[in-house]
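Written out below as structure tokens is the structure these notes cover.
Predicted model, so just to flag it, every value in this text is computed and none were measured.
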Amino acid sequence: MVEKDTRRKVLAVLAGGLVLGVGIGVTLAAWNDSEFATGTFTAGSFNLEGSTTSATTGYADHNVDEGDAAASLIFELPAVASSMSPGDVVYAPFWVRLDSTTTNSATLVPTGITAGTGGNEANLSYTVTAIADEDTCGAAATGTVVATGATLSAQTGATAVDLAEGAPAGTAGTPVQLCFAVTAGAGLTQGATATATWEFTATSTAD
């Protein structure tokens, strides 16, 4: 009789232990919650364009690296660039601005010059000056000298100029006029030509 009572007590304790174990399992798994957050990020737009016509018209892309043709500068004053003599200086304007889709201001820097063939590259020097967009590109023009070269194969100095994005949004930025002046040296070879391609790079800045 004592043996049976002891066995019942043991079974009762084991049964109680099992119930307690199940109770702990339910309690641990009862609470669970999550939070999620998402963000959408849209990049702005950036594009530099240029014009040989005026501060307001004739703008197009002239990025040779992307397959565009370089803008053909029109040198007219005071002599025609196709018939220069030693000492002559010819001038050509080129306007640059950020287009209407651009969402950041920028800095513009002359990043190099590539001289073509023709034979007179070493006998021509140049200066590029940033002047007010409404001024005439000529001997009287004044402004910030952004690049010079003793020949059409060299560049000394690289001064940055600021380019402002359009305001309000959706309009083109304020144009900057670059005035190119090319001077014929004493060693200019009769009948020979020269070509040069200037490169300018605009880099966006944080607003």
Side-chain angles (χ1 to χ4, degrees), residues 1-71 93-114 128-134 143-147 155-178 197-207:
M1 187 70 166
V2 173
E3 213 178 291
K4 288 183 181 180
D5 289 342
T6 302
R7 189 176 172 209
R8 284 178 189 160
K9 287 179 182 178
V10 170
L11 291 174
V13 170
L14 290 176
L18 291 174
V19 172
L20 179 61
V22 171
I24 291 173
V26 171
T27 301
L28 290 176
W31 302 102
N32 196 330
D33 190 18
S34 300
E35 291 289 334
F36 297 88
T38 186
T40 300
F41 305 92
T42 303
S45 298
F46 187 81
N47 188 52
L48 180 71
E49 58 185 5
S51 170
T52 60
T53 306
S54 73
T56 56
T57 62
Y59 283 93
D61 289 331
H62 304 96
N63 190 334
V64 175
D65 292 337
E66 295 181 358
D68 301 326
F94 185 57
W95 288 267
V96 292
R97 71 181 185 184
L98 300 174
D99 76 3
S100 60
T101 68
T102 299
T103 54
N104 289 79
S105 295
T107 55
L108 183 77
V109 179
T111 47
I113 180 172
T114 303
V128 182
T129 306
I131 65 176
D133 62 77
E134 69 275 8
T144 301
V145 176
V146 297
Q155 177 179 291
T156 56
T159 301
V161 292
D162 293 329
L163 293 174
E165 65 178 290
T171 61
T174 302
V176 170
Q177 183 180 181
L178 300 175
T197 301
W198 287 268
E199 181 180 0
F200 294 82
T201 301
T203 303
S204 64
T205 56
D207 289 337

- Query: So, does Ser51 use its side chain to make a donor-acceptor pair with the main chain of Thr57 at under 3.5 Å?
  - Reply: yes
- Message: Among residues at least two apart in sequence or on other chains, which ones pass side chain to side chain contact (heavy atoms under 4.5 Å, CB included) with Ala70?
- Response: Val64, Thr197
- Query: Sub-3.5 Å donor-acceptor pair from the side chain of Thr203 to the main-chain atoms of Thr107, do we have one?
  - Reply: no
- Item | Ala202 to Phe46 - nearest heavy-atom pair and separation | O-CE2, 3.5 Å
- Report the C-alpha separation of Asp99 and Tyr59 in whole Å, then their side-chain angles, then the decisive distance to 0.1 Å, and conclude whether the side-chain contact (heavy atoms from CB on, under 4.5 Å) test is met. CA-CA 9 Å; Asp99 76 3; Tyr59 283 93; over 6 Å; no
- Mind listing the closest non-hydrogen atom pair of Val145 and Thr129 along with its distance? CG2-OG1, 3.9 Å
- Item | Rounded distance [0.5 Å steps], CZ in Arg97 versus CG in Leu163 | 11.5 Å
- Note on the structure: Between Asn47 and the options Asn63, Asp61, Thr102, the side-chain hydrogen bond (donor to acceptor under 3.5 Å, both in side chains) test singles out Asp61
- Message: Run the side-chain contact (heavy atoms from CB on, under 4.5 Å) test on Val146 and Leu108 for me, step by step, so that the C-alpha distance in whole Å, both residues' side-chain angles and the decisive distance to 0.1 Å come before the verdict.
- Response: CA-CA 9 Å; Val146 297; Leu108 183 77; over 6 Å; no
- Note on the structure: Correct closest heavy-atom pair for Pro175 and Trp95 would be CB-CD1, 4.5 Å
- Query: What pair of heavy atoms forms the shortest contact from Pro110 to Gln155, and how long is it?
  - Reply: O-NE2, 3.3 Å
- Query: Any side-chain heavy atom of Asp65 within less than 4.5 Å of one from Glu199?
  - Reply: yes
- Going through the distances and angles, do Val96 and Val161 end up as a side-chain contact (heavy atoms from CB on, under 4.5 Å)? CA-CA 11 Å; Val96 292; Val161 292; over 6 Å; no
- Might you point out which heavy atoms bring Ser105 and Ala164 nearest each other, and give the distance in Å? OG-CA, 3.8 Å
- Item | Under 3.5 Å donor-acceptor, Asp133 side chain and Gln177 backbone | no
- Residues two or more places apart in sequence or in another chain: which of them pass ring-ring contact (aromatic ring centres under 6.0 Å, His included) with Trp198? Tyr126, Phe180
- Note on the structure: Closest heavy-atom pair, Val109 versus Ala160, reported as atoms and distance to 0.1 Å, is CG2-CB, 3.6 Å
- Task: Ignoring hydrogens and angles, tell me if any N or O in the side chain of Ser54 forms a donor-acceptor pair with the backbone of Thr56 under 3.5 Å.
- Result: yes
